[in-house]
Amino acid sequence: MHLPIVTPLALLATSAFAQTTQLFNFTSYVDIENGIIRPNGHLLLTTFSDGRLFTLDPLSPHPEAKLIATFPGATAITGIASIGPDKYAIAGGVRGSYHYTNETIYTIDFNTTTRDTNPNTTVQAVAHLPNAVMLNGMAALPAHPHKVLTGDSRLGCLFLTDTATGETDVAFKHEALSAPANASMPIGINGLKTFGEYVYFTNTARGTFARVRITPNGTVVGDVQVIATLNAEGDDWDDFDFGADGTAYVAQASNEIVRIGLDGSQEVVVGGGDSNVLVGPTSVHVVRGGRSAYVTTRGGTVDGVLYSGQVVEVEL
Ligand SMILES: *[C@@H]1O[C@H](CO)[C@@H](O)[C@H](O)[C@H]1NC(C)=O
Ligand SMILES: *[C@@H]1O[C@H](CO)[C@@H](O)[C@H](O)[C@H]1NC(C)=O
Ligand SMILES: *[C@@H]1O[C@H](CO)[C@@H](O)[C@H](O)[C@H]1NC(C)=O
Ligand SMILES: *[C@@H]1O[C@H](CO)[C@@H](O)[C@H](O)[C@H]1NC(C)=O
Ligand SMILES: *[C@@H]1O[C@H](CO)[C@@H](O)[C@H](O)[C@H]1NC(C)=O
Ligand SMILES: *[C@@H]1O[C@H](CO)[C@@H](O)[C@H](O)[C@H]1NC(C)=O
C-alpha cells in the first residue's frame, strides 16, 4: 500500500495559541535534545551539555531537572529508547561540527530490582559504532525491545543494535534518510519512532516526514512513503510523538509544534509568527491520554536574549 503524497495545506503565518505552561527551564544554557517518559511519569532529558542526562517530575509543584547520569566518553547524548522496565538505550558521542566521534550506544538501568542484583548494570557502553558519523533518533523494536534502531543523520542509514550483545548492523540505507549533497544543514534523518508495523522518521534537510515498513525483527520491507513535506522555508523538523490514533506531533525547530494527520495534513498547534513560548523545540511527548504533550527545547537567542532549554506542557 502506498500513501498518496499529500500537498500540505498552507500554514497560516499567524501564531497558534494552544494553552501552554512552562514547567521548567535551565538557568544556565543547556540544550535539551530529546527525552522519554518513565513508568513513574517522570521525564528523562538527554542534552548536548557534557552528555548529561536529567530526570524531571512534571507533576511536582515546582519541577526541577536533576542530574541523574553522565556518560563516559560522550559530550552529547541524543536518541533514547525504552528497552525494558525503566531501562533505556541512549546514543552518545563526542560532538563536532555535523561530525561526531566515538559514537556509542549506552544502556542505563533505573530499575532497582535489577540494579540490586548487579550494580554494574547501571550505565554501560554496549556498542561502539566506529563508522557512525552522527547518531540521532532512536527507537526500540516493539517485538524485541532490547534491539534498537538508531538513525545516522549524515550516513543516511539506520543501525540495528542488539543491546544485549552489542552486535550492530546497518539495517537500512536510503536516500530518503540522507541530506541532499547541497543541503545548507547536512542533517538527514532526525526523529525516529516505531508505530504499528512502521518506522517513522523526519528528515531535516529534505523537510520530510516519512515511514517504511519493518518486520518484527527490524528488517525493512517495502518502499519509503513520504507522508508530509515541510512547506515553510528556513524551518526544520526534529523529533516527534504520536497520539493513540497515529496523529503525529512534530517539533519544528523555530518555535512551533505541528500536528500531522493520517492524511498528511499539517496544522500548527502552538507557536508560529513571533511567538517565543517555545524557543527551539526539539522533542514532543504525548501524555494524559493524548490531551497534552511535554515539549523539550534547545533554547536559543530571541531578540538578543539567550534562552535556555525548556520543558513546556502544551494542550493538544
Ligand atoms: C569513547 O567512549 C568510551 C566509553 O564508551 C570511553 O571509555 C572513551 O574514553 C571514549 N574515547 C574518547 C576518545 O573520548
Ligand atoms: C523492574 O523490573 C521488574 C522485572 O523485570 C519488573 O517487574 C518491574 O516492574 C520493574 N520496575 C519498574 C519500576 O519498572
Ligand atoms: C562491578 O565492577 C567493578 C569494577 O569494574 C568490579 O570490581 C566488580 O566486580 C563488578 N561487580 C559485579 C557484581 O559485576
Ligand atoms: C540542491 O539541488 C537541487 C537539485 O539540483 C535543487 O533543486 C535545490 O534548489 C538545491 N538546493 C540548494 C539549497 O542549493
Ligand atoms: C527477520 O525477518 C525476515 C522476514 O520475516 C526473515 O526473512 C529473516 O530471516 C529474519 N531475520 C532474523 C535474524 O530473524
Ligand atoms: C526562563 O523562563 C523565564 C520565563 O519564561 C524567562 O523569563 C527566563 O528568561 C528564562 N531563562 C532562561 C535562562 O532561559
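Computation of the quantities below employed the complete heavy-atom set of this structure, encompassing side-chain atoms and omitting hydrogens, waters and symmetry-equivalent molecules. Numbering of ligands and ligand atoms starts at 1, following listing order.
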- prompt: Within 45 degrees of the axis of the six-membered ring of Phe48 and under 6.0 Å from its centre: does Arg298 put its NZ or CZ there?
  reply: no
message: I need the single residue from Phe242, Tyr249, Phe240 that forms a ring-ring contact (aromatic ring centres under 6.0 Å, His included) with Tyr200. Which is it?
response: Phe242
Region of Thr27 that comes within reach of ligand 6 [heavy atoms, distance under 4.0 Å]: backbone
Taking atom 9 (O) of ligand 6 as the reference point, the nearest protein heavy atom with its distance: Tyr307 CE2, 3.8 Å
- prompt: Considering only the protein, which heavy-atom contact is closest to atom 4 (C) of ligand 6, and what is its distance?
  reply: Gln22 NE2, 3.8 Å
Subset of ligand 2 atoms that lie under 4.0 Å from at least one heavy atom of Asp86: 14 (O)
task: Cation-pi check, Arg211 to Tyr198: give yes when NZ or CZ is under 6.0 Å from the six-membered ring centre and within 45° of the ring axis, no otherwise.
output: yes
- prompt: What do you think, any protein heavy atom under 4.0 angstrom from atom 7 (O) of ligand 6?
  reply: no
- prompt: Can you tell me the protein heavy atom closest to atom 10 (C) of ligand 6 and the distance?
  reply: Asn25 ND2, 2.5 Å
- prompt: Does even one non-hydrogen atom of Phe26 get within less than 4.0 Å of ligand 6?
  reply: yes
- request: Examine the side chains of Asn190 and Thr202 and answer whether a donor and an acceptor come within less than 3.5 Å of each other.
  value: no
- prompt: Is there any N or O on Ser308 that sits under 3.5 Å from an N or O of ligand 6?
  reply: yes
query: Have Asn203 and Thr208 got a donor and an acceptor in their side chains that come within less than 3.5 Å?
result: no
query: side-chain contact (heavy atoms from CB on, under 4.5 Å) with Tyr307: which of Asn276, Thr301, Thr297?
result: Asn276
